[in-house]
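Scroll down for the structure; my scribbles are underneath it.
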Amino acid sequence: MIDLKLLRDDPDRVRASQLARGDDPALVDALLAADGARRAAVTAGDQLRGAQKEASSSVRGASPEERPAVLERAKALAAQVKEAEASQAAAEVALRAAHLAIPNVVLPGVPPGGEADFEVLEQVGQIPSYEFAVKDHLEVGERLKAIDTERGAKVSGSRFAFLTGPGALLELALVNHAMAVAQRHGLVPVIAPALVRPEAMEGTGFLGAHASEVYKLEADDLYLVGTSEVPLAAFHSDEILDALPVRYAGFSSCFRREAGSHGKDTRGIIRVHQFDKVEMFAFVPLEEAEAEHARLLELEKAFLTDLELTFRVIDTAAGDLGSSAARKFDCEAWLPSQERWLELTSTSNCTDFQARRLGIRHRTTEGVRPVATLNGTLCAIGRTIAVLLEVHQREDGSVHVPAALRPYLGGVAELTPA
RNA sequence: GGAGGGCUCGCCUAGUGGCCGAUGGCGGCGGUCUUGAAAACCGCUACAGGUUCACCCCUGUCGUGGGUUCGAAUCCCACGCCCUCCGCCA
């Protein structure tokens, strides 16, 4: 939810943000109108309630003669209060609906436009070249007996895979390395629930435009999370935090319906319904959000560098931001088999948008204020394995293991087909 | 799945129709005292909304929603959540 004070003070900024995202600026005016209507309803209700309160407390002191008249007056006011409360409730509902319709206000500097309008900030490493015909990650993985998509499909359907042998060990190594890095930088390791209540899902903004991406367990009114951002954000919901910053690194399985991506990335494990991920999450004062965002990006870059991958960093365009994000940086690694960049990590500055919905605040000298929330991928494991297998493959089918991962793999320097 | 118990201000707790936004303790903050600290004593100590430059003031909030009533933390109904015991179970 955006800050209504900002909207009142500077509606043009919100309109400009809507335009940059390619969303309807008229929604901003609808929200302004709903806000005004609610305020009028609240004021009217407060006055009536005050009068009614006075009337009912005068009932006790009334003499027997005047009692019937006083009671009559109090009753009449009670009826009016009831009406006023009904219209106040209606105004609140209308305001909330209008409020939820507006995504976060983008930060200055975010490129306007859609998915293709990102800005490349930097490239780390050289695009690798190979003196043999590169295989894609599935072929490499199958020869290593690390990935089994056929049995994944047999057991669970399309877009499911088994990680076996070296594949499974690689996952554990990546998790361990990610958690070690996280701890070294002061993030608290967390194993998060993958099933959450509707409030958590809604509060993080995943039930809006992307609701069809989400698995829901109807019988239990629970959702399967698509990222541990959801449980990590909701971890402190309805709390007033004493000391900031608070930083976590959460591990969980992630579930995505991939409803709108038929025919896209169908091969291998680049786009599957279930994968595991280590996600960073930070709660900081609003003024420190941008600095924290830079910090999360640095951690992501360092992690990819540890894995000896080539990647570029992009500043995502406004229209490609999630509804909660005010700015988003993606790290995209080079995928040799397709000779293209593939998103491996993503870090979003959600400013106070999620915190407002989730009721996460902290005390400042000016009072209790919503915090800023930020998230960032430390390691999306399945996709990272896919890229590692491709980038570090050799002609003989073996795969070079980056030095950073060796301690977690019994010291081996390469994976070889059995 | 079966049977009970409970949800009040950061934590614990008092409170069975108007004098309750709500008692007391702990914790926290400020002050007195002290070279400093502790102890003791005094004071302050929820959030949201409306109005306001600000103070004041007004309104709402005792798990949530509804009902009864002139008036509800207190009575009624529904729901949610937490806990305990039994059963089952990684």
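Letters A, B, ... mirror the listed sequences (proteins, then strands); counts begin at 1. All figures in this text were calculated on a predicted structure; none of them were measured in a lab. All values below were derived from every heavy atom in this structure, side-chain atoms included, with hydrogens, water molecules and symmetry-related copies excluded.
- Across B:C82, B:G50, B:G71, the shortest atom-to-atom separation from the side chain of A:R197 is found for B:C82.
- In this structure, the CZ atom of A:R369 is 13 Å from the C1' atom of B:C47, given to the nearest Å.
- Here, B:A14 and B:C9 have their C1' atoms 13 Å apart, quoted to the whole Å.
- To the nearest angstrom, P of B:C57 lies 18 Å from CD of A:Q47.
- Atom P of nucleotide B:G49 and atom CZ of A:R356 are separated by 9 Å, given to the nearest angstrom.
- Checked against B:G60, B:C47, B:G50, the side chain of A:R38 finds its nearest nucleotide in B:G50.
- You'll find that the side chain of A:R49 is closest to B:U59, out of B:G50, B:U59, B:C70.
- Annotation: of the two residues near RNA chain B, A:G45 and A:K75, the 5′-most nearest-nucleotide partner is A:G45.
- Closest approach to the A:D46 side chain among B:U59, B:C81, B:G71 is made by B:U59 (side chain taken as heavy atoms from C-beta onward).
- Ranking B:G71, B:C47, B:G50 by closeness to the A:I240 side chain, first place goes to B:C47.
- Residue-level contact check: A:V368 touches the backbone only, with heavy atoms under 4.0 Å from sugar-phosphate atoms and none from bases.
- Side-chain contact check for A:P103 versus A:L321: every heavy-atom pair is 4.5 Å or farther apart.
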A:S324 and A:T204: CA distance, side-chain angles, deciding distance, side-chain contact (heavy atoms from CB on, under 4.5 Å) verdict: CA-CA 7 Å; A:S324 295; A:T204 39; 5.7 Å; no
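- Nucleotides B:A39 and B:C20 have their P atoms positioned 33 Å apart, rounded to a whole Å.
- If you take atom C1' in B:A73 and the same atom in B:G6, they sit 15 Å apart, rounded to whole Å.
- Applying the Watson-Crick and G-U wobble criteria (two distances, each under 3.5 Å), B:G71 pairs with nothing in any strand.
- Using bins of under 30°, 30° to 60° and over 60° for the plane-to-plane angle, the ring pair A:H273/A:Y215 lands in the perpendicular bin.
- If you check B:C79 for Watson-Crick or wobble pairing at under 3.5 angstrom, you find it paired to B:G63.
- Following rounding to the nearest Å, A:L241 (CG) and B:C47 (P) show an atom-to-atom distance of 14 Å.
- Distance noted for atom P between B:G25 and B:C62: 24 Å (whole Å).
- Base pairing of B:G17: no nucleotide in any strand meets the Watson-Crick or G-U wobble criterion (both distances under 3.5 Å).
- A:E229 and A:Q354 are linked by a side-chain donor-acceptor pair at a separation below 3.5 angstrom, with hydrogens and angles left out of the test.
- Rounded to the nearest Å, the gap between the C1' atom of B:G24 and that of B:G15 is 11 Å.
- Atom CD in A:E72 sits roughly 9 Å away from atom P in B:C70 (whole-Å rounding).
- Of the listed nucleotides (B:U59, B:A48, B:C70), B:U59 has the atom at the smallest distance from the side chain of A:K53.
- Atom NZ in A:K82 sits roughly 11 Å away from atom P in B:A72 (whole-Å rounding).
- Two residues, A:E85 and A:R39, neighbour RNA chain B, and the one matched to the more 5' nucleotide by heavy-atom proximity is A:R39.
- To the nearest whole angstrom, the two P atoms, one in B:C26 and one in B:A40, are 9 Å apart.
- Of all nucleotides listed (B:G71, B:C47, B:G49), B:G71 comes nearest to the side chain of A:Q52.
- Here, B:A38 and B:G30 have their P atoms 11 Å apart, quoted to the whole Å.
- For A:E258 and A:R271, the salt-bridge test passes: some basic side-chain N is under 4.0 Å from an acidic carboxylate O.
- Comparing B:G60, B:A48, B:G50 by their closest approach to the side chain of A:R361 singles out B:A48.
- Applying the Watson-Crick and G-U wobble criteria (two distances, each under 3.5 Å), B:A54 pairs with nothing in any strand.
- Nucleic acid contact class of A:A78 (heavy atoms, under 4.0 Å, all strands): sugar-phosphate only.
- Ion pairing between a basic and an acidic side chain is recognised when a charged N comes within 4.0 Å of a carboxylate O; A:R369 and A:D352 show no such pairing.
- Using Watson-Crick or G-U wobble geometry with both donor-acceptor distances under 3.5 Å, B:C85 finds its partner in B:G2.
- The distance between atom CD of A:E239 and atom P of B:C47, rounded to the nearest whole Å, is 15 Å.
- Ring geometry for A:F283 against A:Y248 counts as perpendicular: the plane angle is over 60°, on a 0 to 90° scale with 30° as the lower cut.
- If you measure from atom CG of A:L71 to atom P of B:G71, you get 9 Å, rounded to the nearest angstrom.
- For B:G43, the paired base is B:C29 (Watson-Crick or G-U wobble, both distances below 3.5 Å).
- B:C44 sits 12 Å from B:U23 when the P atoms are compared, rounded to a whole Å.
- Heavy atoms of other residues, nucleotides or ligands lying less than 6.0 angstrom from CD of A:E213 number more than 12.
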